[in-house]
Amino acid sequence: MRIATFNINGVKARINALTDWLDEAKPDVALLQEIKSVDEGFPRELFEDRGYTVETHGQKGFNGVAILSRLPLEDVRRGLPGDDSDEQARWIEATVIGDSEAVRVCGLYLPNGNPVPGPKYDYKLAWMARMHIHAEMLLASEMPVVMAGDYNIIPQDEDAARPEAWREDALARPESRAAFRRLLNLGFTEAFRACNQAPGMYSFWDYQAGAWNRNDGIRIDHHLLSAEAADLLQDCWIEKEVRGREKPSDHVPVWIELAA
DNA sequence: ATGCCTTCAACGTGAAGA
């Protein structure tokens, strides 16, 4: 089972880039973030025509997440529990029925949190606290669990080309990193670092100031795997080449392959 | 650097991103 997470930065703006990528990369499951579309406006036929089941959790203008799957999906949940007043569409999960295993797959778009300090940073940390509680619930299911998406977290200095530029940023602040570590300490494995220890590996390059041409990137798109899922992990890689294509997103796909 | 670029909503220009 191959799962890719991809922050597409707007589904309408990315239709050509996204369908070209799907046709050639053929993920079994694609977790999309920042669809920036309501459910009714999501071009689901484009994906259904390619054999994908489509589940969305959208909102008007920004945010929004989706799951595309060539494998059967069951028990879809929309929204991160823990705050009924939260109207931001940043979480979707479903059970993917693989050939040999059923995997609980969560697609997430963690809040950016800038500027620091301020209400957006408070929201980010509160959202991570809610995610922590929900992650404990997921672990209790004893199913293989994958939580993947745009975490908006630079885990370590080696995950940024210019770590000093991010030191006071919500993506790298100590409180953000500590909340991410607390998730890992529940027993999750960060798939990319389980497979690859090389520095200079990024998943996002800003549109501004020639960041891509200078390889001035950060690694903020991650897959966190429960022990049951980590036992199935065969590989994890970043599809960097996608960033150099026509009209690209500012993020690229990050993949895992599971023996499921 | 309150900058740089891109998207969305809406049709001019501000919010949001990271």
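What you see below is based on every heavy atom in this structure, not just the backbone, and it leaves out hydrogens, waters and symmetry mates. In the text below, chain A, chain B and the rest are named by the order of the sequence lines, each starting its count at 1. This one's a predicted model, so the numbers in the text were calculated from it and none came from an experiment.
- Nucleotide B:dC5 holds its P atom 13 Å from the CZ atom of A:Arg243, rounded to whole Å.
- For the side-chain hydrogen bond (donor to acceptor under 3.5 Å, both in side chains) criterion with A:Glu93, the lone passing option out of A:Arg104, A:Arg77, A:His57 is A:Arg104.
- Contact between the side-chain N/O atoms of A:Asn152 and the OP1/OP2 oxygens of B:dA18 is found at a separation under 4.0 Å.
- Residue A:Asn7 has a polar side-chain atom (N or O) positioned under 4.0 Å from OP1 or OP2 of B:dA18.
- Aromatic ring pairs are classed by plane angle as parallel below 30°, tilted from 30° to 60° and perpendicular above 60°; the pair A:His222 and A:Tyr151 is tilted.
- Residue A:Arg14 has no polar side-chain atom (N or O) positioned under 4.0 Å from OP1 or OP2 of B:dT6.
- Regarding contacts with the backbone of B:dA18, a side-chain N or O of A:Tyr109 is found under 4.0 angstrom from either OP1 or OP2.
- In this model, the phosphate group of B:dT6 is not approached by any side-chain N or O of A:Lys36 to a distance below 4.0 Å at OP1 or OP2.
- For B:dC8 and B:dA18, the P atoms lie 14 Å apart once the distance is rounded to whole Å.
- At B:dG17, none of the side-chain N or O atoms of A:His251 fall inside 4.0 Å of OP1 or OP2 (strictly under the cut-off).
- Note: CH2 (A:Trp205) to P (B:dC5) measures 19 Å, nearest angstrom.
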Show each protein N/O and nucleotides 11-15 of chain B N/O combination with a separation under 3.5 Å, one pair to a line.
none

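- Considering only residues two or more places apart in sequence or on other chains, A:Tyr202 meets the side chain to side chain contact (heavy atoms under 4.5 Å, CB included) condition with A:Ala161, A:Trp205, A:Asn215.
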